[in-house]
Amino acid sequence: MFSWLEELNPEQRRAVLHDGGHLLIVAGAGSGKTRTLACRVARLLANGTRPERILLLTFSRRAAREMLHRAGQLAEAEGARRVWGGTFHAVANRLLRQHGAAVGLRSGFTVLDQGDNADLLGLVRHDLGLGEKGRRFPKKDTLSSIYSRMVNAQEKLVDVVERSYPWCRDDLDGIKEVFARYVARKRARNVVDYDDLLLYWRALATSTTTGPFLRSGFDHILVDEFQDTNAVQADIVASMAGPGAWVAAVGDDAQAIYGFRSGSARHMLEFPERYPGAEIVTLDRNYRSTPPIVAAANAVIAESNDGFAKCLRAVRPGEERPALASCADELAQSTFVCDSVLEHRERGVPLRQQAVLFRTGHHSDGLELELARRNIPFVKYGGLKFLEGAHVKDLLSLLRILENPSDELAWLRVLGLLEGVGPATTRRLIDELGVAEAEALTRFLGDGGDRPRFPTASATDLAAVRDALADCVGDDVPPAAQVERLGRACVPLFARRYPGTSSVRLADLEQLRAMATAYPSRSRFLAELTLDPPSATGDLAGPPHLDDDWLVLSTIHSAKGGEWQVVHLIHASDGNIPSDMALGSAKEVEEERRLLYVALTRARDTLVVSYPMRYYVRRHVLDDVHTYGQRSRFLTRSASVFDTVSVGEAQLAEDPVIGEVAALWL
DNA sequence: CATTTATAAATTTTT
DNA sequence: TTTATAAATG
């Protein structure tokens, strides 16, 4: 029927052709999962399914785009771009813009990101007087985590607190009160947080009035990375499914790494019960990596025992064993990695085919310095993001005020920017502006008697902000022009607030303006930015230094789904992988093991794992000692599948006596 | 006296 | 880059 079907293996073909029922594809790392899914979409399109009746849920917008692009090529169909594709949150946003009224959502709502959500909880916390001196009430970020866990895992508050936040158990009543007010406040201000997007979608899908209508819109629901879905997402999929709307879920329980976000492979393991009669296809042939790399990955995951049994079978040839390098210290590691990267490039592997992976964003700090020193271009995925910069948030807040004048958090930021206005005055102003009502903006802009009194010191700033906002009201000014106008007003404010760094920040504003040119309206710009934030430094300005080749640096989480010819995994020491923060329970430790597994399975031909023996830490003030690092506990028993190397003075540190002493530190 | 501003300390992973 | 504490300010 299709020539490309011939190129699939029998299991892949079965997954692509399966019809008339639900389907679970248990797809090991490198087993051609993306390709299978893309082929399935192409097959559906070619068989006459209308693209807008296919729903493709992926983990990032980028993943959806790539998959649909491939499907479009295969099916030679223009329509692939009309497939509903994106993350759960982005699709929820789209659906709710259309049908939100059915679940009590007013149109024009704005979306709170993680930070906003914590800030609003902080506001409520303050209003209730729970933050006062002498009281030890959970902080806003803790509250945010508890809330999110409760919602996404669908667990009772008591249970969440008992299990994961036992030190907060005395404040249960206070927490309940905060949450109640938080929920009410969101409603009143017409804002939704990430969790709400899912909850409203589920409500829409399970309601007896809107549910059937919603379900009738889709013939096929494809879900990628199913092992990372949370309880609400699993419910959503189930409630969208039915006879005539078939679910095809793809996942690998060995790669479940989003437990901290309440994702759980449980939903994947329970798929057969939830969808009786579902077809289950297992893909365990690894087309990505050489046999020694697959062996290393298998060795690491073998010690975890639950889940769908699958041991990857390598298909490609190759002899080169992965390396495990103990480095004298971080500097030695950076030097070693740079040398290795350049060496591979000499041998013909372009930088783009090489990646350096790590557990947390700042693990690459040292390496970034060395790369810069040697003029090796790179882009970094994960870690601190563009949108998290305070100045970017400031400008976006100005836009948000224009979009939704009840957006209290936006007001909070903007008012606090003015000279002489601190937290207390901000609150008073928000109160007197009557931010709950849409007239707040007119009240702020107009010079009628109902405008609140501002501190005298703020006069200049105030005038600048007011004039800029006034110029942007209405829909006739293009988003980019608004960013430009508002940014101009911010120049003096930023110079005062962010001394020394304001030129960098102004460059970011220009960046933001350039991004805005791609959007037809302010509302689209804001929504898409929060739901699909630029994930890498490179998403913004294109390749750095105008080079056409660059090295990829990425957190392991952000590397999910990626593959490179050469992969360096750095800081693979105990305390980093597994992270010290994750030693609370066996479950968390197992997730760290899977994280390592994900990292190892990104490599095609060459895998180099390294860790520094010596850490210079300043754990406490005036502490200038170093401690000794040990290789990750996950790499001790599987060490035989690696070639071990020592770099720098590492030989010294591996001295048996010093090693013994080092153990005392750990 | 309340509030703002200056100073120092600590920071997983992300839709 | 936020957040607790201290000094400065209106």
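In what follows, chains are A, B, ... by sequence order, proteins preceding strands, each numbered from 1.
- Between A:Glu588 and A:Met581, the shortest heavy-atom contact is OE2-O, 4.0 Å.
- Of all nucleotides listed (B:dT4, B:dT15, B:dT11), B:dT15 comes nearest to the side chain of A:Gln114.
- Listed nucleotides: C:dT2, B:dT15, B:dT11. Nearest to the side chain of A:Arg413: C:dT2.
- Residue A:Thr555 places at least one side-chain N or O closer than 4.0 Å to OP1 or OP2 of B:dT14.
- Checked against the 6.0 Å centroid criterion, the rings of A:Phe358 and A:His571 do not qualify as a close aromatic pair.
- We find that CG of A:Leu197 is positioned 19 Å from P of B:dT14, with the value rounded to whole Å.
- When the nucleotides B:dT5, C:dT2, B:dT13 are ranked by their closest atom to the side chain of A:Thr360, B:dT13 comes out on top.
- A salt bridge does not link A:Glu590 with A:Lys587: every distance from a Lys NZ or Arg NE/NH1/NH2 to an Asp or Glu carboxylate oxygen is 4.0 Å or more.
- Of the candidate nucleotides B:dT4, B:dT15, C:dT3, B:dT15 has the atom nearest to the side chain of A:Thr87.
- Ranking B:dT14, B:dT12, C:dT2 by closeness to the A:Ser558 side chain, first place goes to B:dT14.
- Atom CG of A:Leu607 is separated from atom CZ of A:Arg602 by 11.5 Å, given to the nearest 0.5 angstrom.
- Proximity of A:Arg505 to the phosphate of C:dT1: a side-chain N or O atom is located under 4.0 Å from OP1 or OP2.
- Of the candidate nucleotides B:dT14, B:dT4, C:dT2, B:dT4 has the atom lying nearest to any side-chain atom of A:Ala424.
- Taking atom CZ of A:Arg261 as the reference point, atom C1' of B:dT14 lies 5 Å away to the nearest angstrom.
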